[in-house]
*Asks:* 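Can you keep this structure in mind? I'll have questions shortly.
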Amino acid sequence: MKTVTVNASKTYEIKIGSGLLDSLGMEAAALGKAARICIVSDSNVFPLYGRQVTDSLNASGFTVSDFVFPAGEHMKNAETFLSLLNALAEMELTRSDLLVALGGGVVGDLAGFAASCYLRGIRYIQIPTTLLAAVDSSVGGKTAIDLPAGKNLAGAFWPPSLVLCDTDTLRTLPSDIFRDGCAEVIKYAILYDPELFNVLMENGIHFDRESVIAGCVQWKRDVVMEDEFDRGLRMKLNLGHTIGHGVEA
Ligand code: GLY
């Protein structure tokens with residue numbers, strides 16, 4: 001396992017390695033105070049890992065509930081966001097309780113933004129299950145939803161309390177979704193890491209996942225620590241995003 005520590009407006013750890021899902025309960029307990037936890041996930045990911053995550057949290061004494069929405073970028077909208085806030089209120093989560101974002105970028109963005117607003121802010125744990133979320137969106141505290149006028153137009157900077165990246169979850173990713181995450185890895189290689197760039201040129205996408213994710217996260221951590229609120233340097237991390245969003249559209 002590799003650990004990267006972020007020291008920005010908040011200090012938190014990013015843990016990367018195999019088999020980490022089973023340690024979630026212990027890790028959440030170590031954050032202190034919480035009694036209830038709501039797992040936020042989507043219809044692709046929750047059937048794969050929801051049971052394992054719930055069992056781990058139950059074993060550490062938490063009362064666990066979940067909010068699962070249909071998978072897809074189109075769900076990252078105000079309606080899903082409000083349904084999530086209402087569900088958290090019905091579950092009677094308090095300010096000391098926790099959310100767990102179990103999934104890719106859409107889940108992380110929705111759960112993170114809800115965490116920033118619910119009761120004026122509660123803590124959350126990111127569990128990225130896509131390569132894109134592991135190397136980019138789960139780190140740095142940018143959260144958002146899309147509005148009819150455009151992507152990510154409403155959101156907040158709200159850092160997680162912990163990022164737990166279990167590399168085993170990448171095994172169930174469809175290959176096109178894994179390749180799409182590789183674009184973010186290539187981004188870090190172009191911006192910061194000629195050695196990684198050469199590895200990618202030689203071996204393509206067959207790289208050691210734990211060490212490449214940890215390497216990318218370290219680059220991102222360094223940028224976030226210098227420009228957490230995206231006033232200049234952090235904009236570099238959008239390299240390729242405009243054309244990516246165009247292709248996506
Ligand atoms: N995804 C780019 C950033 O976090 O700034």
Side-chain angles (χ1 to χ4, degrees), residues 4-16 40 72-73 75-77 81 99 101 103-117 121 123-147 150-165 170 173 177-193 196-197 200 209 212-249:
V4 178
T5 303
V6 183
N7 266 308
S9 59
K10 180 173 189 166
T11 297
Y12 57 95
E13 287 187 333
I14 302 155
K15 298 189 175 183
I16 304 138
V40 181
E73 175 74 30
M75 294 302 292
K76 205 177 92 168
N77 58 33
F81 175 66
L99 300 192
V106 171
V107 168
D109 264 12
L110 263 167
F113 189 31
S116 79
C117 289
R123 298 168 301 161
Y124 72 115
I125 297 173
Q126 287 273 17
I127 305 188
T129 59
T130 64
L131 182 62
L132 184 150
V135 296
D136 191 53
S137 60
S138 67
V139 176
K142 265 192 192 174
T143 71
I145 56 171
D146 301 337
L147 298 181
K151 220 170 142 69
N152 295 332
L153 290 187
F157 289 97
W158 192 250
S161 295
L162 172 71
V163 182
L164 211 56
C165 174
L170 302 180
L173 271 186
I177 305 294
F178 183 78
R179 288 204 310 272
D180 133 324
C182 288
E184 294 286 351
V185 176
I186 295 165
K187 172 187 88 178
Y188 290 106
I190 291 171
L191 284 172
Y192 301 113
D193 199 335
L196 174 60
F197 192 83
L200 295 173
R209 292 173 179 189
V212 165
I213 292 170
C216 292
V217 162
Q218 275 171 32
W219 291 119
K220 177 147 189 185
R221 183 270 314 271
D222 293 348
V223 172
V224 167
M225 281 173 56
E226 213 174 310
D227 179 26
E228 183 175 15
F229 300 108
D230 212 2
R231 304 256 154 70
L233 181 70
R234 188 165 176 172
M235 289 178 197
K236 276 188 170 184
L237 297 181
N238 289 336
L239 177 70
H241 282 205
T242 307
I243 190 147
H245 292 168
V247 169
E248 200 175 82

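The analysis underlying the following values was restricted to heavy atoms, covering all of them including side chains, and did not include hydrogens, waters or symmetry mates. As the structure lists them, so they are numbered: ligands from 1, and atoms in each ligand from 1. Here, residue 1 is the first one in the sequence, and each next residue gets the next number. Keep in mind that what you see is a predicted model, and the values were worked out from it rather than measured.
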*Asks:* Output all residues satisfying side-chain contact (heavy atoms from CB on, under 4.5 Å) with Lys151, sequence neighbours left out; order by chain, then residue number.
*Replies:* Glu73, Asp146, His245, Glu248

*Asks:* Quick one: list whatever passes side-chain contact (heavy atoms from CB on, under 4.5 Å) with Thr11, sequence neighbours left out.
*Replies:* Thr5, Asn7

*Asks:* What does the contact table look like for ligand 1 (nitrogen or oxygen on each side, cut-off under 3.5 Å)?
*Replies:*
from     : atom 1 : to     : atom 2 : distance (Å)
ligand 1 : 1 (N)  : Asp136 : OD1    : 3.3
ligand 1 : 1 (N)  : Asp136 : OD2    : 2.7
ligand 1 : 4 (O)  : Lys220 : NZ     : 2.6
ligand 1 : 4 (O)  : Arg234 : NE     : 3.4
ligand 1 : 4 (O)  : Arg234 : NH2    : 2.9
ligand 1 : 5 (O)  : Lys142 : NZ     : 2.9
ligand 1 : 5 (O)  : Arg234 : NE     : 2.7

*Asks:* List the residues meeting side-chain contact (heavy atoms from CB on, under 4.5 Å) with Ala144, not counting sequence neighbours, and say none if there are none.
*Replies:* Asp109, Asn152

*Asks:* Got a second to check how far Trp158's CH2 is from Lys10's NZ, nearest 0.5 Å?
*Replies:* 6.5 Å

*Asks:* Please say whether more than 12 non-hydrogen atoms of neighbouring residues, nucleotides or ligands are located less than 6.0 Å from NZ in Lys236.
*Replies:* no

*Asks:* Give me the one residue out of Ile190, Leu132, Leu196 that meets side-chain contact (heavy atoms from CB on, under 4.5 Å) with Val185.
*Replies:* Leu196

